[in-house]
Student: 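Here you go, one structure.
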Amino acid sequence: MLLTRDGIKDIDRWRHAGIKLPNYDVEKIAEKTKQNPTWLHFGAGNIFRGFIALLQQDLLDKGLTETGIIAIESYDYEIIEKVYIPYDNLSLLVIMHADGTLETEVIGSISDKILADPWSQDWTKLKNIFTNPSLQIASFTITEKAYNLKDFSGEYIKEVKEDIQKGPEKPRNIISKITSLVYERYLKGKYPIALVSLDNFSGNGERLFGSVKTITEEWIKKGMIEEKFLDYLTNPSKVSFPLTMIDKIVPRPSEEVKKKLEGLGLEKMDIIKTNKNTVIAPFVNAEKIHYLVIEDKFPNGRPPLEEAGVIFTDKETVEKVERMKVTTCLNPLHTTLAIFGCLLNYSTIAEEMEDPCLKKLVEKIGYDEGLPVVVHPGVLDPKEFLREVIEIRFPNPYMPDTPQRIATDTSQKMAIRFGETIKSYEQREDLNVTDLKYIPLVIAGWCRYLMGVDDEGRPMTLSPDPLLEDLKSHVSNIKLGDIESVKDNLRPVLSNKHIFGLNLYEVGLGEKIENYFKELIAGPGAVRKTLRKYLECE
Ligand SMILES: NC(=O)C1=CN([C@@H]2O[C@H](COP(=O)(O)OP(=O)(O)OC[C@H]3O[C@@H](n4cnc5c(N)ncnc54)[C@H](O)[C@@H]3O)[C@@H](O)[C@H]2O)C=CC1
Ligand SMILES: O=P(O)(O)OC[C@H]1O[C@](O)(CO)[C@@H](O)[C@@H]1O
């Protein structure tokens, strides 16, 4: 069986293999989308195919909408070449249930794909869609670092600097590209639009707004665009930047799943790793559970996504629910498992949850240290959410999620995942920041991880991180088994407000983290020994 528009016409074969097909005519929907584009999505990676496209598929299946989503790739063009074009933009969603059963479904709601590349012919096509009054949404899953215009020294990154100099014609950076496209929409008729960040960090919509506004102001200063564009951009009835909370674990495609699909008779299911490190395949493996909460600010309307389970609410509620998930009930636990999982040589998150020390560590971080500072968001219950994460989602043995994937870009995540809780302890009169034990232990674990040596003393490959080289340079003089070598080497890292959102020495945690670190580097096996000591586990 081939995953192509022609291939899925052989309905009986797909049904016989137990694979659900779209309940609508994929080609007709693609045609209607061309006439009347409503939704563009930037970042054509795994979460888009496994979650966002599924929501629209649900509406299409129910006859509640008439158009699909157009996938835009602005960074890793190989994704389009290798997993969109050969499969006519179809993807195969594989839901991994905890009892080992797979639920498979062909996703047909991605109606077209476009490169956001000013040097390609697609750019004109993209501009035409962006200036179409029918367009309601441009959404984004482009990873957190894509929103950064400046490096940690406060300088614009090279690509952004060049875009600022050259103006909106041929931008290279994603934020400049978005600004340029919104400017085209303004010029064409000041039509309204919602720009929806679906990336996984606090205040995502506000950060998107801030970045687009910065580029706008720079171009205005240089006289490259009309000043009045700023009025349009900052008018929420014209351009909105809703906050969102997105939650679904979509690991990289796994070889085991690929084999199972081949067993069902599917052909050409190869997993690829692009030159830009995206690991992607014609299929996406994911968990069933998911949550999406969005601030209901769509000046040009939107599909009735509430019918697909999306929670639309006010800004304050999204903020609370997002803080609950990203700063307390899911992502800090994930990062904890990533760091210690790499050090202890685990290859899946689920296996780690069978390790009594690691399970206890995430329980301590979640229930004991995180929950006391969570504000109940109303729409979801934090304690129940945390229970579901610890008891059901992370331990799912069929989820091929790895600590190495979650360890990607940890430097970008520390401030949100741990810094926010530390700040809350500082602000609350009834809590004492120096009572925190386990969050500091994880931060020490991260420094130990950066040494690039596992708990047995063997070299380990570190996951990509934009600050990796700099961070490694601070621990490069520290030797496993030599506590004296620690000296002041951790100070530049632990005092870096860009990394943690605060200076850990100023809040009284720096020395505690250094002491944990010394225990973690005492020699081979010291990571395990330290966990046993502080968690009283076997
Ligand atoms: N995978 C998951 O479980 C979830 C992911 N997310 C969010 O989605 C993001 C992407 O996740 P996946 O799609 O799974 O990853 P992926 O690796 O499959 O795809 C990443 C996408 O981001 C684009 N990208 C990366 N760096 C970029 C840059 N500098 N400028 C423009 N585009 C860039 C890539 O080209 C690709 O389209 C995550 O970082 C997270 O914020 C949110 C919830 C769940
Ligand atoms: O650490 P990351 O790369 O944001 O990934 C975290 C994982 O947990 C999630 O937050 C679950 O929703 C997903 O974003 C992803 O699977």
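Counting convention: from 1, in listed order, for ligands and their atoms alike.
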Student: Kindly assign one of parallel, tilted or perpendicular to the pair F48 and H41, based on the angle between their ring planes and the thresholds 30° and 60°.
Tutor: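 Rings of F48 and H41: parallel, as their planes differ by under 30°.
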Student: Can you tell me which residue pairs pass the side chain to side chain donor-acceptor pair (under 3.5 Å) test with a partner in residues 117-127, sequence neighbours excluded?
Tutor: D112-K125
Student: Could you name each residue pair satisfying disulfide (SG to SG under 2.5 Å) that touches residues 357-393, not counting sequence neighbours?
Tutor: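 Matches after skipping sequence neighbours: C357-C537.
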Student: Going through the distances and angles, do Y147 and F201 end up as a ring-ring contact (aromatic ring centres under 6.0 Å, His included)?
Tutor: CA-CA 11 Å; Y147 297 79; F201 60 90; 5.1 Å; yes
Student: For ligand 1, what are the residues with a heavy-atom contact below 4.0 Å?
Tutor: G43, A44, G45, N46, I47, E73, S74, Y75, D76, I79, T141, I142, T143, A146, I174, D199, N200, I246, K248, I249, V250, T278, R405
Student: For the residue pair F312 and F298, categorise the inter-ring angle as parallel (less than 30°), tilted (30 to 60°) or perpendicular (more than 60°).
Tutor: perpendicular
Student: Less than 4.5 Å apart, any side-chain heavy atom of H334 and any of I349?
Tutor: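 Touching, per the 4.5 Å side-chain cut-off.
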Student: Assess whether atom NZ of K213 is packed by more than 12 heavy atoms of other residues, nucleotides or ligands within 6.0 Å.
Tutor: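 Counting neighbours around NZ of K213, 12 or fewer heavy atoms of other residues, nucleotides or ligands fall under 6.0 Å, so no.
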Student: Return yes when atom CD of E256 has more than 12 non-hydrogen atoms of other residues, nucleotides or ligands closer than 6.0 Å, and no otherwise.
Tutor: no
Student: Could you tell me if the side chain of R49 sits less than 4.5 Å from the side chain of Y84, heavy atoms only?
Tutor: yes
Student: With the criterion set at N/O pairs under 3.5 Å, what does the list of contacts between the protein and ligand 2 look like, atom names and distances included?
Tutor:
{"from": "ligand 2", "atom 1": "1 (O)", "to": "K413", "atom 2": "NZ", "distance (Å)": "2.8"}
{"from": "ligand 2", "atom 1": "1 (O)", "to": "R417", "atom 2": "NH1", "distance (Å)": "3.0"}
{"from": "ligand 2", "atom 1": "1 (O)", "to": "R417", "atom 2": "NH2", "distance (Å)": "3.2"}
{"from": "ligand 2", "atom 1": "3 (O)", "to": "K413", "atom 2": "NZ", "distance (Å)": "3.1"}
{"from": "ligand 2", "atom 1": "4 (O)", "to": "N200", "atom 2": "ND2", "distance (Å)": "2.9"}
{"from": "ligand 2", "atom 1": "4 (O)", "to": "R417", "atom 2": "NH2", "distance (Å)": "2.8"}
{"from": "ligand 2", "atom 1": "8 (O)", "to": "H334", "atom 2": "ND1", "distance (Å)": "3.1"}
{"from": "ligand 2", "atom 1": "10 (O)", "to": "N200", "atom 2": "ND2", "distance (Å)": "2.9"}
{"from": "ligand 2", "atom 1": "10 (O)", "to": "K325", "atom 2": "NZ", "distance (Å)": "2.7"}
{"from": "ligand 2", "atom 1": "10 (O)", "to": "N331", "atom 2": "ND2", "distance (Å)": "2.8"}
{"from": "ligand 2", "atom 1": "12 (O)", "to": "D247", "atom 2": "OD1", "distance (Å)": "2.4"}
{"from": "ligand 2", "atom 1": "12 (O)", "to": "K248", "atom 2": "N", "distance (Å)": "3.0"}
{"from": "ligand 2", "atom 1": "12 (O)", "to": "K325", "atom 2": "NZ", "distance (Å)": "3.2"}
{"from": "ligand 2", "atom 1": "14 (O)", "to": "N200", "atom 2": "ND2", "distance (Å)": "2.6"}
{"from": "ligand 2", "atom 1": "16 (O)", "to": "R405", "atom 2": "NH2", "distance (Å)": "2.6"}

